[in-house]
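Let me begin by presenting the structure, written as structure tokens, before commenting on it.
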2 protein chains.
Amino acid sequence: MATPRTDPLTLEVVELIGTVVARYYEEYDEAAAAHSLTGAQARVLGLLSLEPMPMRRIAQKLKCEPSNVTGIVDRLEARGLVERGPDPADRRVKLAAPTELGARTAHQLRDSLTFAREPLAGLSDEDRRMLRDLLRRMLGEPGPSAG
Amino acid sequence: MATPRTDPLTLEVVELIGTVVARYYEEYDEAAAAHSLTGAQARVLGLLSLEPMPMRRIAQKLKCEPSNVTGIVDRLEARGLVERGPDPADRRVKLAAPTELGARTAHQLRDSLTFAREPLAGLSDEDRRMLRDLLRRMLGEPGPSAG
DNA sequence: AACCAGTTACTTGACAATATGAAATATTTA
DNA sequence: TAAATATTTCATATTGTCAAGTAACTGGTT
């Protein structure tokens with residue numbers, strides 16, 4: 001296990017990633033707050049705006065207990081952003097889906113995530129491609145060349 | 001406002017960063033849980049292991065209300081990981097510092113953050129330098145060439 | 001020096017949101 | 001029928017905000 005724990009270059013990259021993570025969360029919560037949503041609520045609403053899904057799957061995506069999702073969806077439903085409907089294939093399951101208002105809110109939320117866009121605007125296309133490839137390799141994703 | 005919201009390359013990089021963020025938090029919380037610490041507790045302990053500081057400064061670093069820090073440090077103190085001491089220069093201030101056990105725990109925690117190291121191990125030195133420079137520019141940091 | 005107003009640091013209390021885990025209900029599956 | 005699954009409810013802990021309270025510092029005045 002000769003992992004290079006003290007390699008200064010690695011440490012610096014780790015710290016930079018930590019900064020990226022912190023700023024990402026900060027901006028995400030700010031954007032959510034601008035719509036009077038908590039971070040968790042915004043995340044669930046964003047998930048559902050891509051695709052309605054059962055409560056259990058939300059819990060899996062969020063990596064939390066299903067009982068926790070009940071409360072979050074309750075609050076979103078109370079605000080008219082999400083609706084619970086039956087699953088025709090399984091009467092135990094409840095499918096959560098955004099209302100029209102919820103879909104609009106999710107769209108606005110996505111638009112207001114400036115962090116993603118603005119700093120990247122400072123990079124050239126070439127830079128962005130490079131960054132994409134490095135992140136892909138870091139995450140162990142195959143990338144299109146392997147597909 | 002001609003922000004390129006739909007530029008596919010930008011969107012992909014944004015999504016990759018989102019994945020990095022998610023994995024970072026996941027591993028951080030796992031590492032913390034392995035020491036029976038919550039994420040917030042681990043973050044505060046990590047902060048203090050770099051440098052003891054007043055309660056207020058912890059709140060600033062965490063971007064939360066000082067009253068919140070009181071509870072987190074209370075719990076860390078109850079477990080013998082952190083101690084509150086007086087600030088000789090200002091008797092209103094309480095300096096939080098890790099105990100020896102706390103310092104050891106923080107060190108182990110840092111060591112178990114494999115996400116930081118392992119994926120980076122898949123990158124060459126050249127790659128890491130490139131990633132560092134791109135992240136730096138993305139974050140609007142000057143970098144050493146400007147220092 | 002003493003005093004007083006305003007500010008600052010921290011804590012406490014009330015409350016909401018998030019999170020877990022155990023137990024209950026309804027439904028599906030074998 | 002028995003076991004497993006999806007969801008909810010309840011008890012409880014943590015995290016977070018805000019308002020109020022206490023202690024201590026600061027600056028300006030005598």
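Computed from a predicted structure; not experimentally measured. Reminder, nothing fancy here: chain letters follow the sequence lines and each chain counts from 1.
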Atom-to-atom span, CG of B:Leu37 to P of D:dT14 - whole angstrom: 11 Å
Relative to the 5' end of DNA chain C, which residue comes earlier, B:Val69 or A:Asp90, by the nucleotide with the nearest heavy atom? B:Val69
By nearest atom, which of the nucleotides D:dT17, C:dT28, D:dT8 is closest to the A:Ser67 side chain? D:dT8
Whole-Å gap separating P (D:dT15) and CG (B:Leu45): 13 Å
If you check every side-chain atom of A:Thr38, which of D:dT15, D:dT17, C:dA17 has the closest atom? C:dA17
Polar side-chain atom of B:Thr99 near backbone of B:Gly80 as donor-acceptor pair, under 3.5 Å: yes
Side chains of B:Thr10 and A:Arg128 in contact at under 4.5 Å (non-hydrogen atoms): yes
What is the distance, rounded to the nearest whole Å, between atom CE of B:Met55 and atom P of C:dC10? 7 Å
Taking CD1 from B:Ile72 and C1' from C:dT18, how many angstroms apart are they, rounded to a whole number? 14 Å
In whole angstroms, how far is the P atom of D:dT9 from the CG atom of A:Asp74? 7 Å
Describe the nucleic acid contact of B:Thr70 in one word from base, sugar-phosphate, nothing, applying a heavy-atom distance below 4.0 Å. base
Please confirm whether the shortest side-chain N or O distance from B:Lys94 to OP1 or OP2 of C:dT11 is below 4.0 Å. yes
Is there a side-chain contact between B:Arg75 and the phosphate of D:dT15, meaning an N or O under 4.0 Å from OP1 or OP2? yes
Do B:Gln41 and B:His35 have side chains that get closer than 4.5 Å, going by heavy atoms? no
Does B:Ile58 reach the side chain of B:Leu48, with side-chain heavy atoms less than 4.5 Å apart? yes
Calculate the interatomic distance between B:Tyr25 atom OH and C:dA19 atom P; express it in whole Å. 12 Å
Out of C:dT28, C:dG21, C:dA19, which has the shortest distance to the side chain of A:Cys64? C:dA19
Rounded to whole Å, the CD1-C1' distance (B:Ile58 to D:dG16) equals 16 Å
Taking every non-hydrogen atom, the tightest pair across B:Glu77 and B:Val82: CG-O, 3.2 Å
Evaluate salt bridge (charged side-chain N to carboxylate O under 4.0 Å, His left out) for B:Glu51 paired with B:Lys61, printing each intermediate quantity in order. CA-CA 12 Å; B:Glu51 179 193 12; B:Lys61 290 275 190 182; over 6 Å; no
So what does A:Arg84 hit on the nucleic acid, given a heavy-atom distance under 4.0 Å: a base, only sugar-phosphate, or nothing? sugar-phosphate
Carboxylate-amine/guanidinium proximity below 4.0 Å for A:Asp87 and A:Lys94: no
Should A:Arg91 be listed as having a side-chain N or O under 4.0 Å from OP1 or OP2 of D:dA6? no
Expressed as a whole number of angstroms, how long is the span from B:Glu77:CD to C:dT11:C1'? 13 Å
From C-beta outward on B:Asn68, which listed nucleotide comes closest to its side chain: D:dA6, D:dC25, D:dT17? D:dT17
Note: B:Ser112 and B:Ala31 closest approach over all heavy atoms is OG-CB, 3.5 Å
Please write out the pairs of protein N or O atoms and N or O atoms of nucleotides 4-8 of chain C separated by less than 3.5 Å, giving the distance to one decimal.
residue	atom	partner	partner atom	Å
C:dT8	O4'	B:Arg92	NH1	3.4
C:dT8	O2	B:Arg92	NH1	2.8

